[in-house]
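Notes to accompany the following structure.
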Amino acid sequence: MRITGVRAYALPFAFTGGGYRTSYGARTHLNNLLIELRTDSGSVGYGEVARLTGKSVEPTDKDFVSRLRVMLEPVLGRDASAPDLVVTAMGPLPEGFTNVAAAVDTACWDLKAKQGGVPLCDLIGGRRRDSIPCYHSVGQNSPERMAAAAAGGASAGHRVLQMKVGDSIDADCARVQAVLDAVPEDTIVLPDANGGWDIATASSVVCQITDPRLMWEEPCSTYAENRALAEKTGAGLVLDQCMKGLGEYEQACRDGFAAGCGLKPAFQGGISNSVAARNLCVESGIALKIDDSWGADATTAAALHLALGVAGDLLLCGVDMRIYFDRRYAEDGPDYRPPDLYPGAGPGLGITPDTAGLGPPVLELVWSGAQTG
């Protein structure tokens with residue numbers, strides 16, 4: 001199953017509601033790329049370059065496309081049934097381009113599962129559940145509006161609510177308390193600072209509000225800072241963007257202070273490393289929030305199949321990121337029936353992208369047929 005062609009399609013989808021702003025920056029568009037791998041067997045696999053955080057370069061930018069070409073040319077002629085070897089062939093990638101490896105790795109796994117005629121989850125450890133619970137985003141607004149949004153999410157069946165924090169200490173505390181007052185006792189509330197606090201600020205906030213429903217998501221930007229915060233306050237933390245590789249997951253399992261960990265395939269270089277991180281956390285009893293860094297159909301499907309391998313309460317939540325964009329490119333993918341997300345029916349990722357609707361690819365590579373190791 002040799003890779004004979006690669007195409008990259010721009011996904012400049014607009015965010016509904018005008019965009020978003022976090023400590024990492026503001027964005028109004030997705031700016032992702034759909035990667036299509038074609039093989040000599042006639043199969044086609046898909047992955048997505050999900051932009052990691054904050055602002056991002058346009059997918060049609062000439063310099064970016066030139067760098068993308070250099071990264072993707074080495075996959076031509078490789079055996080797609082060995083995703084790890086395909087990614088290794090790409091060589092060391094520039095800093096910040098783990099997401100390109102993730103797209104290629106995911107596309108190879110998609111091809112491999114299609115070759116076996118099975119859903120991706122069956123190939124990466126088996127299915128432990130039929131669907132995944134999705135968190136409901138409350139965003140950041142006045143305490144009254146956030147409380148109303150939280151109550152609406154809870155009434156729709158969402159057990160986990162995420163809210164954005166990162167304003168003044170008093171304002172953040174007022175928002176958190178308003179959300180807690182508006183939701184049932186069995187709800188989990190994730191105030192997400194996106195790593196925007198220093199230890200002193202984070203300590204001031206988490207020590208003012210102690211409630212067993214709270215799990216503080218990524219208060220500080222580094223693993224060491226979040227560990228110091230947990231040791232100082234005893235607060236339950238969900239680590240997210242600071243988990244930049246398998247080493248951080250191994251460390252978290254040894255340290256034992258994390259109440260949960262986020263798992264984003266784009267940060268880990270794709271499915272292969274994410275499965276290893278997932279299994280480590282499950283074995284250590286650490287709950288997982290499995291989503292990704294702003295992705296459309298392929299990204300959502302990949303995170304979903306990864307999450308389907310986690311049983312019971314060890315899966316904290318996932319999310320359908322597609323609800324935040326003005327369009328999608330695959331109509332047959334994951335099925336969002338709030339509060340749960342269900343996989344598509346087909347093999348692999350279970351998506352059939354309408355690439356014709358995306359316009360011409362920004363990059364197309366064709367294998368010459370020369371021998372490749």
Side-chain angles (χ1 to χ4, degrees), residues 16 48 50 106 110 113 118-139 148-163 179 182-190 192 213 215 217 238 240 259-266 271 274-275 278 281-282 286-325 327-352:
T16 57
E48 200 174 308
T106 300
D110 187 29
V118 297
L120 176 58
C121 58
D122 289 1
L123 207 60
I124 56 174
R127 182 182 302 204
R128 303 289 191 278
R129 60 201 311 134
D130 294 327
S131 64
I132 67 168
C134 291
Y135 70 79
H136 177 74
S137 178
V138 177
S155 66
H158 292 278
R159 174 175 165 267
V160 179
L161 305 175
Q162 185 196 66
M163 56 181 293
V179 168
V183 299
E185 291 299 319
D186 62 349
T187 307
I188 295 172
V189 176
L190 302 175
D192 182 11
R213 294 172 291 175
M215 297 176 72
E217 185 173 355
V238 176
D240 196 9
C261 283
L263 181 52
K264 290 175 163 56
I271 295 297
S274 296
V275 169
R278 179 196 68 183
C281 290
V282 168
I286 296 176
L288 285 163
K289 174 178 175 280
I290 301 180
D291 53 14
D292 217 325
S293 180
W294 292 116
D297 298 275
T299 296
T300 298
L304 167 60
H305 279 271
L306 189 65
L308 289 171
V310 181
D313 289 341
L314 281 177
L315 180 65
L316 189 60
C317 59
V319 71
D320 185 354
M321 300 299 287
R322 302 170 304 172
I323 64 176
Y324 300 108
F325 312 125
R327 57 183 291 205
R328 58 180 60 175
Y329 57 77
E331 294 300 327
D332 60 345
D335 180 16
Y336 184 41
R337 286 175 262 158
D340 290 342
L341 184 63
Y342 296 80
L349 293 174
I351 63 172
T352 309

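Since the structure is predicted, the reported quantities are computational estimates derived from the model, not experimental observations.
- With rounding to the nearest 0.5 angstrom, the CD1 atom of I323 is 8.0 Å from the OG1 atom of T16.
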Problem - Check against side-chain contact (heavy atoms from CB on, under 4.5 Å), K289 and E217 - result: CA-CA 10 Å; K289 174 178 175 280; E217 185 173 355; 3.0 Å; yes
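- Contacts classified as ring pair (Phe, Tyr, Trp, His ring centres under 6.0 Å) and involving residues 299-318 (residues at least two apart or in different chains) are not found.
- Using a 4.5 Å heavy-atom threshold, the side chains of T187 and V179 count as separate.
- Distance alone, capped at 3.5 Å, places no donor-acceptor pair between the D291 side chain and the V319 backbone.
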Handout entry: side-chain contact (heavy atoms from CB on, under 4.5 Å) between D292 and M321, worked out
Key = CA-CA 8 Å; D292 217 325; M321 300 299 287; 5.9 Å; no
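- H158 places a side-chain N or O within 3.5 Å of a backbone atom of C134 that can act as its donor or acceptor partner.
- In this structure, OG in S131 is found 9.5 Å from CG in L315, a value given to the nearest 0.5 Å.
- Nearest approach of S137 to Y324, heavy atoms of both residues: CB-OH, 3.3 Å.
- One side chain, E48 or Y329, offers a donor N or O that lies under 3.5 Å from an acceptor on the other.
- Rounding to the nearest 0.5 angstrom, the gap separating the CG atom in D332 from the CZ atom in R328 is 10.0 Å.
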Exercise for the section: Step by step, work out the side-chain contact (heavy atoms from CB on, under 4.5 Å) result for V282 and L288. Expected result: CA-CA 8 Å; V282 168; L288 285 163; 4.2 Å; yes
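- Between the side chain of R213 and the backbone N or O of V183 there is at least one donor-acceptor pair closer than 3.5 Å.
- Atom OH of Y135 and atom CG of L316 lie 11.0 Å apart (nearest 0.5 Å).
- At a threshold of 4.5 Å between non-hydrogen side-chain atoms, the residues I132 and I290 do not count as touching.
- Smallest separation of non-hydrogen atoms from H136 and G153: CD2-CA, 3.5 Å.
- Between atom CG of residue D313 and atom CZ of residue R159 there is a gap of 5.0 Å, rounded to the nearest 0.5 Å.
- Within the model, atoms CD1 of I271 and CG of D110 stand 9.5 Å from one another, a figure rounded to the nearest 0.5 Å.
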Exercise for the section: Tell me, with the steps shown, if D122 and R127 meet side-chain contact (heavy atoms from CB on, under 4.5 Å). Expected result: CA-CA 6 Å; D122 289 1; R127 182 182 302 204; 4.1 Å; yes
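- Counting all heavy atoms, side chain and backbone alike, R278 lies closest to I124 at NH2-O, 2.6 Å.
- At least one side-chain heavy atom of L306 sits less than 4.5 Å from a side-chain heavy atom of P265.
- D297 and R322 are joined by a salt bridge, as a carboxylate oxygen and a charged side-chain nitrogen come within less than 4.0 angstrom of each other.
- Using a 4.5 Å heavy-atom cutoff, the side chains of L308 and P343 are in contact.
- Looking at every heavy atom in both residues, P334 comes nearest to L341 through CB-CD1, 3.7 Å.
- The closest donor-acceptor contact from the side chain of R129 to the backbone of G312 lies under 3.5 Å.
- Contact between P347 and A113 at its shortest, heavy atoms only, is CB-O, 4.3 Å.
- The nearest pair of heavy atoms linking A182 to A151 is O-CB, 3.8 Å.
- Residue pairs meeting the salt bridge (Lys or Arg N to Asp or Glu O under 4.0 Å) criterion with at least one partner in residues 336-345, sequence neighbours excluded, are D335-R337.
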